[in-house]
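These notes are about the structure you will find just below.
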Amino acid sequence: MSLGDAWTGPVLVTGTDTEVGKTVVTAAVAAAAQAAGLRVAVVKPGQTGTATGEPGDVDSVTRLAAPPTGRTLASFPDPLAPLAAARVAELPPLELYNAVDAIREEADKHDLVLVEGAGGLLVPMGLRPSGEPWTVADLAVSLGAPAVVVARAGLGTLNHTALTLEALERRAVPAGVVIGAWPTEPELVHWLNLSELLPNLLGAVPAGAGGMDPGVFRRSAPGWLTPALYGVLDDWRAWAEET
């Protein structure tokens with residue numbers, strides 16, 4: 001699966017870190033894919049921080065993109081990595097193959113299943129039957145799924161993105177990058193980072209997109225993504241001039 005092919009089946013959405021824009025990028029891909037006529041499901045294996053009563057990530061994606069199916073497999077009250085949150089709350093941790101089965105079940109009924117991770121690629125998500133922790137990277141390998149890596153636009157992103165892509169490459173997981181929040185007034189560092197990320201870049205979502213009116217969001221999303229993610233962005237030079 002190349003960066004030029006349209007991605008179908010299960011697709012992991014991970015990040016270089018926490019708070020990089022994974023949920024908004026997931027919503028943007030869901031909106032673009034639905035505009036292209038695909039049946040889309042969104043799955044969140046492990047949601048944490050639910051004690052606040054605020055909407056979870058699937059709720060946010062549903063508000064912005066309205067996919068017909070949205071599932072959260074496990075929720076934990078504390079805002080920690082899912083495995084740590086399960087232990088603190090004394091709740092059963094998410095088992096890897098239960099997550100795999102649930103995602104494959106949705107893949108049988110949908111053209112595209114977006115699976116949003118928690119934090120970065122190697123955050124402990126739950127336990128295997130052997131009792132060993134598993135990560136989003138392990139989930140990608142088990143599913144044979146490619147990964148969308150959501151990255152920051154600013155200083156520090158090149159190292160974090162390179163480390164994440166290298167970890168995926170070592171596991172033979174195809175991957176591309178989406179910038180999670182492209183600034184309204186980009187500075188030199190943002191443009192230089194963009195040029196370095198360009199060979200792996202699948203899109204750039206504008207900062208503040210999560211606060212858009214949902215109708216505007218859905219109409220705009222294809223313009224932020226390349227055809228591999230069902231967008232219409234096929235000329236980065238023209239995009240840069242418009243920006």
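Residue numbers count from 1 along this sequence.
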Nearest 0.5 angstrom please: [X] [atom1] to [Y] [atom2], how far?
| X | Y | atom1 | atom2 | value |
| --- | --- | --- | --- | --- |
| Glu169 | Thr164 | CD | OG1 | 12.5 Å |
| Asp101 | Leu96 | CG | CG | 9.5 Å |
| Asp234 | Leu225 | CG | CG | 12.5 Å |
| Ser60 | Lys44 | OG | NZ | 9.5 Å |
| Ile179 | Trp224 | CD1 | CH2 | 14.0 Å |
| Leu163 | Leu122 | CG | CG | 9.5 Å |

Mark yes or no for whether [X], through its side chain, and [Y], through its backbone, hold a donor-acceptor pair below 3.5 Å.
| X | Y | answer |
| --- | --- | --- |
| Asn200 | Gly176 | no |
| Thr50 | Ser75 | no |
| Thr157 | Arg152 | yes |
| Glu95 | Asn98 | yes |
| Thr23 | Asp57 | no |
| Thr72 | Ala74 | no |
| Arg171 | Asp138 | no |
| Asn193 | Gly154 | yes |
| Arg218 | Ala28 | no |
| Gln34 | Ala30 | yes |

Hydrophobic cluster membership, with links at side-chain heavy-atom distances under 4.5 Å among I/L/V/M/F/W/Y: are [X] and [Y] in one?
| X | Y | result |
| --- | --- | --- |
| Leu80 | Leu127 | no |
| Val11 | Val149 | no |
| Val177 | Trp191 | yes |
| Val43 | Leu143 | yes |
| Leu233 | Leu229 | no |

Locate the shortest heavy-atom distance separating [X] from [Y]; write the atom from each residue and the value.
| X | Y | value |
| --- | --- | --- |
| Ala32 | Gly231 | CB-N, 4.5 Å |
| Ala65 | Ala27 | CB-O, 3.3 Å |
| Leu91 | Phe76 | CD1-CD2, 3.8 Å |
| Ala228 | Leu202 | CB-CD2, 3.9 Å |
| Pro124 | Ala81 | O-CB, 4.0 Å |
| Thr62 | Pro67 | CA-CD, 3.8 Å |

Any heavy-atom pair between the side chains of [Y] and [X] that's under 4.5 Å?
| X | Y | result |
| --- | --- | --- |
| Arg39 | Pro68 | no |
| Leu12 | Val136 | yes |
| Thr184 | Pro206 | no |
| Leu112 | Pro10 | no |
| Thr16 | Val150 | no |
| Leu121 | Leu168 | yes |
| Val148 | Trp7 | yes |
| Leu197 | Leu194 | no |

Problem - side-chain contact (heavy atoms from CB on, under 4.5 Å) assessment of Val115 paired with Leu139 - result: CA-CA 10 Å; Val115 183; Leu139 186 58; 4.0 Å; yes
Practice task
Compute the ring centroids of Trp134 and Tyr97, then answer whether they are less than 6.0 Å apart.
Solution key: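 No, they do not, as the ring centres are separated by 6.0 Å or more.
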Exercise for the section: Would you please indicate if the ring centroids of Trp239 and Trp182 are separated by under 6.0 Å? Expected result: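 They qualify: ring centres under 6.0 Å apart.
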Handout entry: Derivation of the side-chain contact (heavy atoms from CB on, under 4.5 Å) call for Leu83 and Arg87
Key = CA-CA 6 Å; Leu83 179 55; Arg87 286 171 170 164; 3.9 Å; yes
Exercise for the section: Please check if atom CD in Glu105 has more than 12 non-hydrogen atoms from other residues, nucleotides or ligands closer than 6.0 Å. Expected result: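 Count over threshold, so yes.
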Exercise for the section: Give a yes or no on whether Leu155 atom CG has more than 12 heavy-atom contacts from other residues, nucleotides or ligands under 6.0 Å away. Expected result: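 No, CG of Leu155 has 12 or fewer neighbouring heavy atoms, counting only those of other groups under 6.0 Å.
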Problem - Lys/Arg N to Asp/Glu carboxylate O, Arg71 vs Glu106, below 4.0 Å - result: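 Yes, charged N to carboxylate O under 4.0 Å.
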Handout entry: Salt-bridge present (Glu116, Lys22; N to O < 4.0 Å)
Key =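 Not counted as a salt bridge, because no side-chain N and carboxylate O are separated by less than 4.0 Å.
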Exercise for the section: With side-chain contact (heavy atoms from CB on, under 4.5 Å) as the test, would you mind laying out the steps for Thr226 and Val232 before giving the verdict? Expected result: CA-CA 6 Å; Thr226 66; Val232 297; over 6 Å; no
Practice task
Tell me, with the steps shown, if Asp78 and Thr48 meet side-chain contact (heavy atoms from CB on, under 4.5 Å).
Solution key: CA-CA 6 Å; Asp78 297 283; Thr48 63; over 6 Å; no
